[in-house]
Structures are given as structure tokens and as C-alpha cells.
Asker: 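One structure is given below, represented as C-alpha cells, and several questions about it will come after.
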Amino acid sequence: MTEEKTHHPEPSYLVNTGKYKGLMSWLTSTDHKRIGIMYMYAMMVFFIVGVLLGEIMRLELFRPGQQFYGPQTYNGLFTIHGIIMIFTVVIPGLAAVFGNFSMPIMIGAKDVAFPRLNLFSFYLYILGAGIALTSQFLGNGPPDTGWTFYAPYSIQTHTNVVAAVFGAFVLGFSSILTGLNFIVTMHRMRAPGMTFFKMPLFPWSLYATAWIQVLATPIVGITLLMVVAERWFRIGFFDPSLGGDPVLYQHLFWIYSHPAVYIMILPAMGVITEIIPTFAQRKVFGYKAIAVSSLAIALVGYFVWAHHMYTSGMSPTARWIFSLLTFLVAVPSAIKVFNWVTTMYRGSIDLKPPFLFALGFIFLFMIGGMTGLTLGALATNVHVHDTAYVVAHFHYIVFGGVGFAFFAAIHYWYPKMFGRMYNFKRANWAFGFLFIGFNLLYFPQFIIGIQGMPRRYFDYLPQFTLGMQLSFFGGILLLIGIILMLTNLFSKKGAKAPDNPWGGRTYEWTIPSPPPLENFEVMPVMGPDETPYDYK
Amino acid sequence: MGASNFVEGVDLAFKIIIGISLFFLVGITTVMLWFVFRYSRKRHPVAEQMKDNNLLEITWITIPLILVLLMFYFGYVAFSPQRVVPKGALPITVIAKMWVWNFEYEGGKQSPVLVVPLKKAILLNLHSEDVIHSLYIPAFRIKEDVVPGKNNYMWFIPEQLGEYDILCTVYCGLRHSYMETKAKVVTEAEYQAWLSALPGKSNDPEGLVILRKNACTGCHSIDGTKIVSTSFRGLYGKTEKVMTNGSERSVTVDDVYIKSSVYEPDKDVVVGFQKGIMQTYKGKVSDDDLAKIIDYLKSIK
Ligand code: HEM
Ligand SMILES: [Cu+2]
Ligand SMILES: [Cu+2]
């Protein structure tokens, strides 16, 4: 690390300057960049565990009938797979990692508004994840409710639901505090001259996300506590045998969990909106429309929760109103796709790995979004609701969308994070395996879903065997892709990275790679004629 | 013609939504790939900056808006009749219980398969004894949740003779994926014959009826095969190895042991099985019922 010192007068943030060395210097650091990287490593571990659990399910599903383990194990597996992937990977997701690492630099700030609160959020994240994982080892065995904890089953089952629910509750606090921190940061710490409508679009997407985190998360927090109270003290909120209403649980759960889908996907859209202009060397097309559509999605996204409940016995009026609103929220997402593609028009496109992953994102996100239309319409929803079609749809959104955007973001900011490059050829190979494996894994699930294969099934009717086996092989290809990508990025040191390897225009590319502790030697000021994407 | 009166409308909605989506998916992907090729750095070394174009943006807000409203409409018109039950529909009560379906016809006659007459409107009144289940008949394109404490319903007209799968789609515990049965569509004459031949409530021993009603037989067979747990056949009087408070011991299956197994299933767990799978039936099976169950178990010793 001493060589960087001679290049730049300020030491990089990777050099330990505090009183601790090694791991402790990281765990006590309030630097937004280090916190972002700690989230990244933690999330990578959870992601790999989640993927392996997914593969173990696929293995059991290779043939109808029982192969390797029984239904109780399978039910526990899809529950913990869902809990890990949703609550510890995609909900904190891009905001926790790249929101922390890049956003303060992109708006010209030294750090977030409350650096110590930021570190506290990280500890809450680790604590919550830890509590959720203890559910696997303590009490009456792994929870078997699915990540949705639907009542009254979640009230009645003897398995260790409380630990999982409480873990999710603590994770919620981590999310709220991060959101709060980001809102204040973007309000108070933008570079002089950077008005809201001159802020880059990744911070914009985080801004919309943060409001959802702050406003929606408390609802699921309370709901989860109600489940605990009902299990411990037999207070009849949701279980009809105690006088409760199980459909009320679903309303409360989805009032949070539908907006939570936007907590996951908005930052992903934001990253893609940074990557495309950089590699096309083109000013982003329709800056304002993209910024405003993030807010529109966040806002309308609050009012569509009951599209998860068309078959729950709601009144016909509620069913059509929620269907209509669901279709309205599809429009701003479509606008973003048009803007991305138009930004490529007459650009000068450099097909480097981050851009390749961004293209993959657009394609997979379109499939995820368009299959969402069949789920939004009443007649078609009733047929495919709670089938493998839904499993395919949300994997296309959370994995094809959020996951691929995450991979794009790592390949994009990696040189800035570590001051090193990686091997492009291997990154492209990894993309190939990931993209083909992903589609082979999940596309067949659309087909068997339409043919009537329900979700959360340990065993299935023989007509679905072929689809299940294709999915299994897709899962293997995908796993190879993940291993290729991670070893390429993290197994050996690449060549030294320049400060601006891709020709980006936002502030993070104007400072050294890796950045000094306080990011800027001279604090940036945005002139009246400047915009965040001034390509010549 | 589909297997039920709803198939045509639902399938049309699928075709319209998937058709429009495919058109855009292929179109946008082609344009995107063409741009990547045509404006690659090699072929187009210098990017040209463009001004924002309001007309273009308004167009691509308006067209998707119209298209999604169209999709909403087709989804709505195919769905709304599903909530309007015609007068004179044949009522059948569906009783869902972990992990079996039962269909109750007039006169309290119960059947584990749904048998319905061709071309007659059928009303299913959905009733759950425990948690939420969902009744799904893929061939008929219908599904509705069976929520305890709520009187949900669904209806349809079967349009083709045949046998169709019935599945449960709301996760309901251990044997959720085995909670399946058949819908049999038969002619009116066959239906009448079947219904009158269907045994009433009283033919089976009382104890067995109680076992079935509480879905005990979903996990414990009465013919000696293993489903989830031990079979009831030959159980009474047998010596079982059980775990009690973490230590192993032997017990003889008698009245006391059966009672404690029904009311406190986790107290003594037979070696080789897990805690927490069977729920307590305290408050659900009365002492009276329990005595009848024990009588029945003695009879299949
Ligand atoms: C190699 C990667 C993966 C494989 C093989 C995989 C496989 C599976 C399988 C087999 C199921 C159970 C479906 C069912 O029983 O109906 C499932 C459910 C689920 N997966 Fe994945 N998955 C993968 C990655 C992901 C990722 C990246 C996410 C989110 C970021 C995710 C989120 C979920 C969720 C939320 C569920 C639903 C759990 C529930 O029903 O409670 N999965 N996955
Ligand atoms: Cu939703
Ligand atoms: Cu079920």
C-alpha cells in the first residue's frame, strides 16, 4: 500500500490510519467506503449460502417422489432460502453496498450524514442475520412457514418461527436507519451548486428507495411482533381459532413487502442508469423522466399490495381496483427501459463487462416485468397465482434484475474500490454461464407454472419432470458462472487501476483509485452550466 | 372449447398479454442489440450528444399506458363472471384439512373426490378446519383460497367429461404437496347413480369417522402402510420406543399413552420421528371422541 502513498499525498481509505490494525480497524471504521465493502463481503457469504440451499432443493426436485430427504427438510429449506435471499441479500442489497460506497462521493460529500449511525446499521444487520440463522439450530427445528410467515400456519406450527421473525425485525431496523441516513445525506451534503435535478441518477434512485425504507418497514416490524405476541401470549390477531383474521395478516405483510420489491429494484435501475451513459459516452436520455419515475414508482408502489391477494376472498371491487393500480405502476418501469435503450443510440459503445451485465439486466428485467403483467391482470393471475410461474417471475426480478445489476455494479466500481482491474475475458465467460444458466433454470418454471405446477411443492405430478430437470441443469451452469465470476474478482490481484478506467463523468471518477479517506482533496463545486453527465 | 366455462376468456387474456409483451420484448431487444452493434466504439468512435425529445417521451408514456389499460380490461372481463354465481347452481361444501380434501354433498354425504355433472353450474362453498389452503383446478383455470373462519366460494360449469387434477396452492405444512385429488366430470345420469350409491355418514365405525374428520388419517394409515407417521393398524398393545425429555424408553400403547399422544404429541416422540410435526388436538378432539377412537384402534389391533 505504500506505493499509493507516493502517488497521492493522502493515503487511501484501505490503509489503516486509526489505532487498530487488521480486521478491528475495519470493524471500528465509520468510513462509508469501508462499511459498504463490509456489507459486500457479508452479503456475498449469505448469497453463496442461499444459492447452495437453492441447488439442494433443485437436486431433490430432479425426479418426482422422495429422493434425498423428506418434506419437512424441503419446507425448512425454501423458508431459510427465502429469508436469507430476501432479508439479508436483496433488501439491503445495492443500497447498503454501493449506496454506501459510491453515493456520498457521487454527490461530492466526505461521508454520509451520520457515520456512526451507519456503522450501527451494519451491526444491526449482522445481528439480525445472526438471529435469523439461529432459528436453524435452536428450538423445535427450522421454521417451515416460507419467508412470508402466513398466519395462521405461522402461529400454529411448532417450529422455531420466533427466531426467524425476530431476526427479520432487527434487520428492518438496520434498513430504516440506512434509509434515514441517506435521506439526510442527500438533503444536506450535496456539493455546492448541485441542485436535486443535477444529482446523478443512482443517488436519485437511492433517495426514492430510502423513503420506502423509512415509511414502509415499520409496518412489517409491528406485524412480525404481532406474530410473536400471538405465539407467546395467544393474543388473537390473526388466528381464527383465537378470534383473529388471517387475511389481515396478508394485508399488513404485503403493505410492506410489495414496496420492499421497489426497495430492491430501484437501486438496481439506478446503477444501470449510471453504467449505460458511461459506456456509451452519451448523456443519459430523459434525465428528468428517469428521476421522476423513480419517485412515481415509490409512490404508486404503496397502493398495489393486494395484487398478492386476488384469491384470498377480497371483495370483487378491491380486486379490480388493485389490478388497475398495478398496471399503472408498470408504466414508469417501461419508461426507464426506453430511456436506457435510447441512451445507446448514436453513442460510442464500449462493450466492457459492466456494460454486458447491464444489457443482461435489461433483457431479464423485461421478462420479469412483462410476466408481471399476467400476474397483475385478474383472470390470468387467478390461474398462475402461487404456481411455479410466480417462482420464475420473482426470480427474474430479484435475481435476473437485482442480482445482475449487482454483478454489473461490482464490475463497474471494483477498480475504484480496490484500485485494481480484473480479467475482462474471464468476466465475459462468467457472464455467459450466468446468463444461459439463469434462463435455463427459470424459464421452464414459467411453462410448468402455466400448466398448473403449484409452488412450495416437495413432490410433483409426473408431467412436470422435464421442466424440473432442465431447471436443475440450468442451476449447475449458473453455479459455475458464480464461481467463475467470484474467483476472477477475488482470487488474485489484477493490474493497477487508473483513476477513471471507463471514462465516467460522475465525481467518483475524478478522485484516485482507491479514494483517499476523505474522498476529495478539494471539495467539488458544480458550476451553473454543468450537469452530472457532461459527455463531449 | 375448454374444460370449464372460464377457460376461453382466461386463455384469451393470456394470449393478449403475452402477445403484446412478446412483441415488445423482441422489438426492444433487437433494437438494443442493433445499437450495440452499429454504435460500437469500433464503428462509431465518437458519440453524438442528443437533446431530450419531449414528443418522443410523451409517445412512449402514452402508448404503454393505453396497452396496459387494455390488458387490465381483458383480465377484468374474463374474471368478473367468476364472482357472480348463477341461480340454481349445485352447492357442494369443500372441507379442507391438513392435508386432505373432502367434498360434502347434500344430506351430509362426503366424498374424497369431487364428482360433478356435465354442463351444470357448480358452487363450491369453501371451508377450512385449520389453516389456509387454496383450491386449484388448473384445467378449469380457477382458484380460490380456503380460509378458516371465512366463507369463500367459487363456481364453474364443467364443459367436458374427464378427470382433472385438484391441487392445494397455499402452503399448509408438511404434506402440502400431497394435498391433491381429482375432479371427475360425469353425465347427469352417472352423477345421480354415483350420489345415491355414495355411503352416508353412518356406515363406518364412529372412531374411524372421527379420525377422518380430524385428518389423522392424512399421516397415519389404517392399512399398515407408512405415510408420515406410524400406521394405526396393529398399534394398540404394541411396544414402542419413544424419546421422553431427551431420553429413550419403552412404552406399551394403551389408553393413557394414546391420550397423551393426542393431547401432548411432543411429550413422547417415537424414535425415528421429529418433534413438532403433529399438533395438539386439545380442544378439538373431546374425551368422548377419544374413547371412540380408542375403541376403533382396538378393533384394528
Ligand atoms: C442458484 C440460484 C437459486 C436457485 C437454484 C433457487 C431455487 C429456488 C427454489 C427451488 C425455490 C423453491 C420454489 C418452490 O418450492 O416453490 C426457491 C424459492 C425462492 N427463492 Fe430462490 N433460487 C436461487 C436464487 C435466488 C435468489 C438470488 C433469490 C433472491 C435474491 C431467491 C429468492 C427466493 C425466494 C424469495 C423464494 C421463495 C421462498 C418461499 O417460497 O418462501 N432465490 N428458489
Ligand atoms: Cu407485489
Ligand atoms: Cu396446501
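Proteins come first, then strands; the chains are lettered A, B, ... in the order of their sequence lines, and each starts at number 1. For clarity, every value in this text was computed on a predicted model and none was experimentally measured.
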Asker: Side chain, backbone, both or neither: which part of A:Leu351 has an atom under 4.5 Å from a heavy atom of chain B?
Answerer: side chain
Asker: Quick one, A:Thr311 with B:Asp145, criterion side-chain hydrogen bond (donor to acceptor under 3.5 Å, both in side chains). Give me CA distance, side-chain angles, the key distance, then yes/no.
Answerer: CA-CA 6 Å; A:Thr311 63; B:Asp145 294 359; 2.9 Å; yes
Asker: Pick one of side chain, backbone, both or neither for B:Glu57, based on which atoms fall under 4.5 Å of a heavy atom in chain A.
Answerer: side chain
Asker: Rounded to the nearest 0.5 Å, what's the gap from CG on B:Asn53 to OG1 on A:Thr342? Could you check?
Answerer: 9.5 Å
Asker: Could you look at A:Ile155 and say if it's the side chain, the backbone, both or neither that has a heavy atom under 4.5 Å from chain B?
Answerer: neither
Asker: Can you find a pair of side-chain heavy atoms, one from A:Arg282 and one from B:Met50, that are under 4.5 Å apart?
Answerer: yes
Asker: Does the plane of the ring in A:Tyr389 sit parallel, tilted or perpendicular to the ring in B:Phe14? Use 30° and 60° as the thresholds.
Answerer: perpendicular
Asker: Ignoring hydrogens and angles, tell me if any N or O in the side chain of A:Ser348 forms a donor-acceptor pair with the backbone of B:Pro45 under 3.5 Å.
Answerer: yes
Asker: Per the salt bridge (Lys or Arg N to Asp or Glu O under 4.0 Å) rule, what does the pair list look like for residues 369-378 of chain A, sequence neighbours excluded?
Answerer: none
Asker: Find the distance between OH (A:Tyr460) and CD (B:Glu180) and round it off to the nearest 0.5 Å.
Answerer: 13.0 Å
Asker: Check B:Glu144 with A:Arg319, please: is the shortest side-chain N to carboxylate O separation under 4.0 Å?
Answerer: yes
Asker: Determine whether the aromatic ring centres of residues A:Phe78 and B:Tyr171 are separated by less than 6.0 angstrom.
Answerer: yes
Asker: With B:His176 as reference, evaluate A:Tyr150, A:Tyr457, A:Phe458 under the ring pair (Phe, Tyr, Trp, His ring centres under 6.0 Å) test and give the passing residue.
Answerer: A:Tyr457
Asker: Could you tell me if the ring centre of B:Tyr136 sits under 6.0 Å from that of A:His383?
Answerer: yes
Asker: With only heavy atoms counted, which part of B:Lys143 is less than 4.5 Å from chain A, the side chain, the backbone, both or neither?
Answerer: both
Asker: For A:Asp239, which atoms come within 4.5 Å of any heavy atom of chain B: side chain, backbone, both, or neither?
Answerer: neither
Asker: Heavy atoms, side chains only, cut-off 4.5 Å: are B:Thr169 and A:His385 in contact?
Answerer: no
